[in-house]
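See below for the structure under consideration.
The analysis underlying the following values was restricted to heavy atoms, covering all of them including side chains, and did not include hydrogens, waters or symmetry mates. Chain A is the first sequence line, chain B the second, and so forth, proteins listed ahead of strands; every chain is numbered from 1.
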Amino acid sequence: MKYVLLFVDTEQFADDLQAMGPAERERAYQRVNQWFADHADKITGGSKLQEPHTATTVRLDGGEPVVTDGPFVEGKEVVSGYAEIDVADLDEALRMVKTWPACPVVEIRPLIPETPGAVRPPEAAASAP
Amino acid sequence: MTGTEASHAELARVVREHAGRLAASLVHLIGDFGAAEDLVQDAVLTALRRWPVEGIPERPDAWLFTVARRRGLDALRRESNYRDKLAQLRRLTPQEPSADRLRLVFTCCHPALPRTAQIALTLRVVCGLTTAQIARAFLVPESTVAQRITRAKRKITDAGIPYRIPAPEELSARLSEVLTVIYLLLNEGYLSTAEQAQSRDLVDDAEWLASLLCQLMPTEPEAAGLLALIRLHRARAAGRFDSAGGLVLLADQDRSLWDRKAITDATRLLARAAAHRRPGPYQLQAAIVACHAEAERWENTDWEQIVLLYDMLLHLAPSPVTRLHRAIAVRHAVGPHAAMADLEALAAPLDRHHLYHAARAELLRDLGRADDAHAADRRALELTDNPAEQAVLERRLSWA
């Protein structure tokens, strides 16, 4: 089954990271890299996101699309990255996430399974230049 | 008790005995938790409608299986891609799938489900209660229970919650999730009063679930500890209410009404659990209740031992409410001054807990501060909405 892991940062976590010395921060990054390496066979995609201040939100529920600066929810917790995983079930996803060494919140969200015969959206890679 | 009520209890027992087995087999066979659960609920409702009229069949399990199979075949025929499952359902016969049953319990109590849904699912799927029975037992609208169950079933399917016994390294955490659900049923049922006697006896379901778990997981001492705890409570049930249905405090109970044989049996069960040398919160709580149950008279209660057991319990599972109970034991083991000192430290975390104020009132009375005791009892009365406890506090306020 496929899931997306949404990695969520808090202000506290950002401050803690900021307060680290270079060597300590390096070790923190190392732990994250190690986690990705340990689970490489189950991770099928994902990326770290740019900082929330780079986000642009478009609201289409009024008459005209309204473009605003910032993420769609303003809050102390922001999505900072995601990973797509392919595992047996929720328990396996939970096992992976419980060993996650960085940001303090992770949401596990299942993907809707592809139904055979349905029209699939075009692959992102196919439309890339 | 009228004839229909007697058969109602019998009905509840037979349904519970067989509904969970049916659910376990069906989930295993058709591999779809939600669909299997619908079939079971349907079969249970049919049984509850027909058995009171036709009598309980000789083989209730076979009867339920037949109803579920017929419904299942009807439903599956309408779906062309269910051919394999259809064939499996045709072959379905009653059996004793104990591993499947355990899977069922662990799925219903999965930590990714909210607690209220774990409880409702366990009662419906494992114990065969109807949505209406669950709603009555918890005094919530039927639609609320129905919605909890629908959401939970959808989550099980859509989020990929597995139908599986947890891996060994997860077993202890997952078992404690199941035990919590059973313990909450005990609490809910234990505090319900005589006027709710019409509704389903949740303590009965709690005992049945705990004993099922003990059979299926004989090497887990905490499951046995919880079963002993439930049985020790039930053994003393006859003394808890007076003839008018009022709650009788432990000190005032007529101990000749207690079931001595049941107490001895439960204590033996607890001793066997303790022999595993893996103590846990339920074994310790059962040991504390055993201290009370074994005392022939209130004056003979071994309070020093009880304080010691509370210390061990606090070491494993620290909580302000447990510290409160320890303070109450200290009152009897040492004296009211020592107990009051312990209680003062709990003022902040337990300010909204009625038992804190009720215990404080008793200590204040011991210390000769009648006015303060009165105020504390009044505060306790404001904070409880359990009618039996309210009656005790009101009685005390009218004496003082």
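The main-chain N or O of B:A43 is never found under 3.5 Å from a side-chain atom of B:R71 such that the two would form a donor-acceptor pair.
Annotation for B:R278: atom CZ counts as buried by contact number, over 12 foreign heavy atoms lying within 6.0 Å.
The contact list for residues 40-63 of chain A toward chain B, using heavy atoms and a distance under 4.5 Å, is empty.
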For a quick test of your reading: what N or O donor-acceptor pairs under 3.5 Å do the side chains of residues 208-215 of chain B make, sequence neighbours left out?
unit_1	atom_1	unit_2	atom_2	d
B:W208	NE1	B:E17	OE1	3.1
B:S211	OG	B:W208	O	3.4

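The stretch residues 102-112 of chain B participates, sequence neighbours left out, in these salt bridge (Lys or Arg N to Asp or Glu O under 4.0 Å) pairs: B:D100-B:R103.
Using a 4.0 Å cut-off between a side-chain N of Lys or Arg and a carboxylate O of Asp or Glu, B:R115 and B:E177 qualify as a salt bridge.
In this structure B:A135 satisfies the side-chain contact (heavy atoms from CB on, under 4.5 Å) test together with B:E142, B:V145, sequence neighbours excluded.
Neither the backbone nor the side chain of A:L111 comes within less than 4.5 Å of any heavy atom of chain B.
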